[in-house]
Amino acid sequence: MSIAANLGFPRIGRRRELKAALEAFWAGQSDEAVLLARAAALRGGHQALQGACGIGHIPSHDAPLYDHVLDHATMLGAIPAGYGWRGEGPVSLATSFALARGARGSEPERARGIAADAPALEMTKWFDTNYHYLVPRLDADTRFVLTENRPLALYAEALADGRRTRPVLLGPVTFLLLSKTVDGSQALALLPRLLPVYAEILRGLAAAGCAWVQVDEPVLATDLPPGAADALRLAWRSMAGAAPGLNLLLASYFGPLGDNLELALSLPSAGLHLDLVRGAADLPAVLAAGLPRDRWLSCGVVDGRNVWRTDLRGAFRTLESVAQARGGAGRLMVSPSCSLLHVPVDVGQEDGLDPALKRSLAFAVQKLAEVRALTLGLEQGEGAIADALGASDAARAARKSDSRVSDPAVAARLAAVAPEMLQRGAPYARRATAQAARLALPVFPTTSIGSWPQTAEIRQARAAHGRGTLDDAGYDAFLLAETEAAIRWQEEAGVDVLVHGEFERNDMVKYFGEQLAGYAFTRHGWVQSYGSRCVAPPIIWGDVSRPAPMTLAWWQRAQALTARPVKGMLTGPVTMLHWSFVRDDLPRDVVCRQIALALRDEVAELEAAGCAIIQIDEPAFREGLPLRRAEQTNYLRWAVECFRLSASAVADGTQIHTHMCYAEFNDIIGAIAAMDADAISIETARSRMELLEAFESFDYPNAIGPGVWDIHSPRVPDSAEMTALLRRAAARIPAERLWVNPDCGCKTRGWAEVRPAMAHVVAAARQLRAELV
Ligand SMILES: CN1c2c(nc(N)[nH]c2=O)NC[C@@H]1CNc1ccc(C(=O)N[C@@H](CCC(=O)N[C@@H](CCC(=O)N[C@@H](CCC(=O)O)C(=O)O)C(=O)O)C(=O)O)cc1
Ligand SMILES: N[C@@H](CCS)C(=O)O
Ligand SMILES: [Zn+2]
């Protein structure tokens, strides 16, 4: 028998229902009971939908309110002091949301004993995706306790609805490796304390009649740190022994198991899930190793990370080869390569897409239909799915022959890229002299990262413009008024290098995608980024070029309002690539070079218009780093080249900035230096400048703006706190190469926070200037 299975469904809802429910609750417009009921209805609906798609193994415990890693931390009692949890029993929503978002000092929080200044847990990228998880905070004394068997409760909830689901658990070793210890102790050393809690969860599920549990250990797709292999052996022996009747599916994804394959095969699981899209290289070895017939093999042949329709015939051939090697289709599961969290819900609701493109796409619902068709083919033979295979072939052929996909002019430009196009005219020191003469900035110059608050008013105006109820002139006048007010306010606040505020942008990637040829965008293609925040990645489906200037007019209008320099503001090629759904018929580096050439033209035009400082944001530069060290050098080489291709057309006296947030810099500091931006602003406030260590020990040669204000929190630090951070920075980096700025853009903050915080940023810079003389 073969089974159609899913590893996880998008949680946010086809119309972002979960976002609406959460934000209404946080705004005090609904209560806990309403929030929980809306979330339950949504996950029930999603499970019913998966059932209707023909999925046999439907996941449960895959739809957290905020984040699945946070849910595991609270379920396992890994909750730091100060968040109002008393050491036993279920964890309140107030505690969970304080961990997720930081305490607000609200009445319900005070009533539960949550400290008014309890900060949010650190947030970081989930492997190489644009999804952010909350980092559990542990120390050598952490004791785990099962606060509530939530997988069991959710299994029972679905059962009451007539569905037998497959609960999903984050594996104990991956959980520990994703956590952070605050005392420098080894998280893996906590495993013996953690395993009894996992055993309790599994026993509870077995007693309830649950047949399968999916245990995710995606660390198996990475270079394992010392001790991890032994930890995995210990953990899986313990889990398999805890509830012998329960089938555990070991799931890894996002890349091949590679040198961890033997280890994965040796772990005692009833089944093994393989990502056969990114990890197709594993397949021959798995088949040669002869996974015992009594174990299930879950074949992740449908891409859970991209939106293209599956080459159904190719996937079917792969499945047939697996079935043949195993002597039949028995004990095979067909599934997406990973959770569908990373794709939108349903392409069916996209009414604005080009019809030919739409036929080439598959979002979550369509992907599950593909899984179902492939399973049917395995069960009943190719003839049973002839129509589906034919439709897939036709869609592929149509995409291949679509004359709009290839642009010979783009190919010709790319072929003509010469090494000198990747090189600034003079080395940094000479450029710095020319720029100092041109800009005449004070020491410790102040600036911001680009965006000012995207208020409800701005989003509403944009929505009204989209609906046609606000005409072009009205929308334009509104944006200009916002920009002018922001310029006046920055002048009054005493900021040295101004930004126009990015009011006209819906998103830093989508905004550019909408203006570039080769890109398409969706109406409802939302993907969760963190908590209730979503992004709608544009889709790169053809060769990319720039039909017209993209940012020039807004920069010109802003600069015309002030004598101070206004930064040009662009999203860099590497980030444009990573935060888009990328075509799968060209290598990613080629697509990135196309984007870089388009941006190069924009940079040149900004410069020609008199722009003296151009910022090219690359917050996703680190995120794109391959999970395996062996592949990183090649990625960093072309990523650096693409940035330089976009940035190098300017004269020595024009200053190029870049910006990165959410980054661990240690392993990419050489590449950051090779990007050769004149200045880089980075997120350092949360780590209290610890992240500067990489720049100091590398002797980073160019200028740096270490963030002095953590814009991810509503808390406004006073200027003394920022001054203290700046002093720490000045102890590491020479004063003449330091800028003063927040951690990142302020689009998610309100003006009530931004105005005082920026005043404190300016005051801190002035204090440091005074201390210098
Ligand atoms: C810097 N970050 C970004 C990442 N990825 C990106 N692609 N972009 C980023 O900026 N990854 C890492 C981080 C993640 N951080 C964030 C921060 C904030 C958000 C966020 O606020 N997202 C918004 C949606 C943003 C957007 O596209 N807005 C559009 C559409 C607004 C909208 O929802 N309109 C409604 C109608 C509204 C009305 O009628 O009033 C609709 O279309 O239905 C816009 O402004 O026009 C969010 O809402 O979650 C994301 C990642
Ligand atoms: N310029 C962008 C960068 C965000 S990473 C902003 O300020 O929002
Ligand atoms: Zn940023």
Side-chain angles (χ1 to χ4, degrees), residues 12-20 22-23 123-126 129-133 342 349 352 447-467 469-470 475 479 486 499-514 521-538 551 567-572 574-581 614-624 657-663 680-686 705 707 709-712 741-750 754:
I12 205 76
R14 64 170 68 227
R15 293 290 164 126
R16 290 180 294 163
E17 292 88 342
L18 182 61
K19 175 187 179 71
L22 283 167
E23 292 179 359
M123 202 164 64
T124 197
K125 297 279 178 175
W126 173 248
T129 75
N130 194 6
Y131 174 79
H132 307 67
Y133 71 92
H342 311 287
Q349 56 181 352
T447 190
S448 67
I449 307 305
S451 58
W452 295 127
Q454 282 278 332
T455 57
E457 208 188 352
I458 293 175
R459 298 240 193 252
Q460 276 157 16
R462 185 151 46 248
H465 182 235
R467 281 193 303 270
T469 50
L470 178 63
Y475 181 53
L479 292 175
V499 294
H500 76 286
E502 304 182 22
F503 299 111
E504 76 287 6
R505 300 183 188 181
N506 43 19
D507 171 79
M508 60 184 288
V509 167
K510 194 174 169 189
Y511 177 75
F512 288 94
E514 285 172 355
F521 45 94
T522 59
R523 290 227 168 102
H524 309 286
W526 295 102
V527 177
Q528 195 177 11
S529 183
Y530 66 90
S532 69
R533 298 284 182 181
C534 299
V535 294
T551 62
K567 279 194 276 191
M569 192 59 62
L570 304 173
T571 302
V574 183
T575 298
M576 286 295 299
L577 184 85
H578 290 316
W579 289 354
S580 303
F581 288 121
I614 302 168
Q615 181 173 310
I616 306 174
D617 291 323
E618 285 292 18
F621 191 88
R622 172 68 175 72
E623 169 188 319
H657 287 214
T658 190
H659 161 72
M660 291 185 192
C661 37
Y662 304 107
I680 179 170
S681 58
I682 53 172
E683 179 185 295
T684 42
R686 244 185 218 202
W709 167 34
D710 169 16
I711 55 83
H712 290 111
N741 45 257
D743 267 354
C744 183
C746 296
K747 59 189 163 212
T748 57
R749 298 265 61 90
V754 168

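For clarity, every value in this text was computed on a predicted model and none was experimentally measured. Atoms within a ligand are numbered from 1 in the order they appear, just like the ligands themselves.
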Pick, from [options], the option with the minimum heavy-atom distance to [atom].
{"atom": "atom 28 (N) of ligand 1", "options": "Arg16, Gln528, Arg459", "answer": "Arg459"}
{"atom": "atom 20 (C) of ligand 1", "options": "Arg15, Arg533, His524", "answer": "Arg533"}
{"atom": "atom 9 (C) of ligand 1", "options": "Asp507, Ile449, Thr571", "answer": "Asp507"}
{"atom": "atom 39 (O) of ligand 1", "options": "Ala464, Gly513, Ser580, Ala463", "answer": "Ala463"}
{"atom": "atom 11 (N) of ligand 1", "options": "Ile12, Asp617, Asn130", "answer": "Asn130"}
{"atom": "atom 2 (C) of ligand 2", "options": "Ile711, Thr575, Asp617", "answer": "Asp617"}
{"atom": "atom 49 (O) of ligand 1", "options": "Ala20, Ala536, Cys534", "answer": "Cys534"}

Looking at [X] and [Y], would you say the former's side chain and the latter's main chain have a donor-acceptor pair under 3.5 Å?
{"X": "Glu618", "Y": "Val574", "answer": "yes"}
{"X": "Asp617", "Y": "Met660", "answer": "no"}
{"X": "Thr658", "Y": "Ile616", "answer": "yes"}
{"X": "Arg462", "Y": "Phe503", "answer": "yes"}
{"X": "Thr469", "Y": "Ala464", "answer": "yes"}
{"X": "Gln454", "Y": "Arg505", "answer": "yes"}
{"X": "Ser451", "Y": "Gly501", "answer": "no"}
{"X": "His659", "Y": "Ser681", "answer": "yes"}

Counting only heavy atoms closer than 4.0 Å, does ligand 2 sit against the backbone of [X], its side chain, both, or neither?
{"X": "Cys661", "answer": "side chain"}
{"X": "Pro619", "answer": "side chain"}
{"X": "Cys746", "answer": "neither"}

Compute the shortest N/O to N/O distance between [X] and ligand 2 and return yes if it is under 3.5 Å, no if not.
{"X": "His659", "answer": "no"}
{"X": "Glu502", "answer": "yes"}
{"X": "Ile449", "answer": "yes"}

Just jot down the ligand 1 atoms closer than 4.0 angstrom to any heavy atom of [X], in number order.
{"X": "Thr748", "result": "17 (C), 18 (C)"}
{"X": "Lys125", "result": "11 (N), 12 (C)"}
{"X": "Gln460", "result": "40 (O)"}
{"X": "His132", "result": "12 (C), 14 (C)"}
{"X": "Ser532", "result": "49 (O)"}
{"X": "Val535", "result": "5 (N), 6 (C), 7 (N), 8 (N), 50 (C), 51 (C)"}

Which residues share a side-chain contact (heavy atoms from CB on, under 4.5 Å) with Asp507, sequence neighbours left out: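 For Asp507, the residues satisfying side-chain contact (heavy atoms from CB on, under 4.5 Å) (neighbours in sequence not counted) are Val509, Lys510, Val535.
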With Ala620 via side-chain contact (heavy atoms from CB on, under 4.5 Å) - residues at least two apart: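 Listed in chain order: Thr575, His578, Trp579, Glu623.
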Taking atom [atom1] of [X] and atom [atom2] of [Y], what is their separation to the nearest 0.5 Å?
{"X": "His712", "Y": "Glu683", "atom1": "NE2", "atom2": "CD", "answer": "5.5 Å"}
{"X": "Gln615", "Y": "Ile680", "atom1": "CD", "atom2": "CD1", "answer": "10.0 Å"}
{"X": "Ile449", "Y": "Trp709", "atom1": "CD1", "atom2": "CH2", "answer": "10.5 Å"}

Ligand-side contact atoms (ligand 2) for residue partner [X], heavy atom cut-off under 4.0 Å:
{"X": "Gly450", "value": "7 (O)"}
{"X": "Cys744", "value": "4 (C), 5 (S)"}
{"X": "Met569", "value": "1 (N)"}
{"X": "Gly745", "value": "6 (C), 7 (O), 8 (O)"}

Atom of His659 nearest the Zn ion (ligand 3) (restricted to N/O/S, atom name only):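 This turns out to be NE2.
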Aromatic ring pairing His465/Tyr475, orientation class (parallel under 30°, perpendicular over 60°, tilted between):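 Rings of His465 and Tyr475: parallel, as their planes differ by under 30°.
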Sub-4.0 Å heavy-atom contact, Ser529 with ligand 1: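 Flag set, Ser529 near ligand 1.
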Would you name the heavy atoms of [X] and [Y] that are closest together and state the gap between them?
{"X": "Lys19", "Y": "Ile12", "value": "N-CD1, 3.9 Å"}
{"X": "Cys746", "Y": "Val754", "value": "CB-CG2, 3.8 Å"}
{"X": "Leu470", "Y": "Ala461", "value": "CD2-O, 3.6 Å"}

State whether the shortest distance between N or O atoms of [X] and N or O atoms of ligand 1 falls below 3.5 angstrom.
{"X": "Arg462", "answer": "yes"}
{"X": "Lys19", "answer": "yes"}
{"X": "Tyr530", "answer": "no"}
{"X": "Lys747", "answer": "yes"}

Met660 heavy atom under 4.0 Å from ligand 2: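 No, Met660 has no heavy atoms under 4.0 Å from ligand 2.
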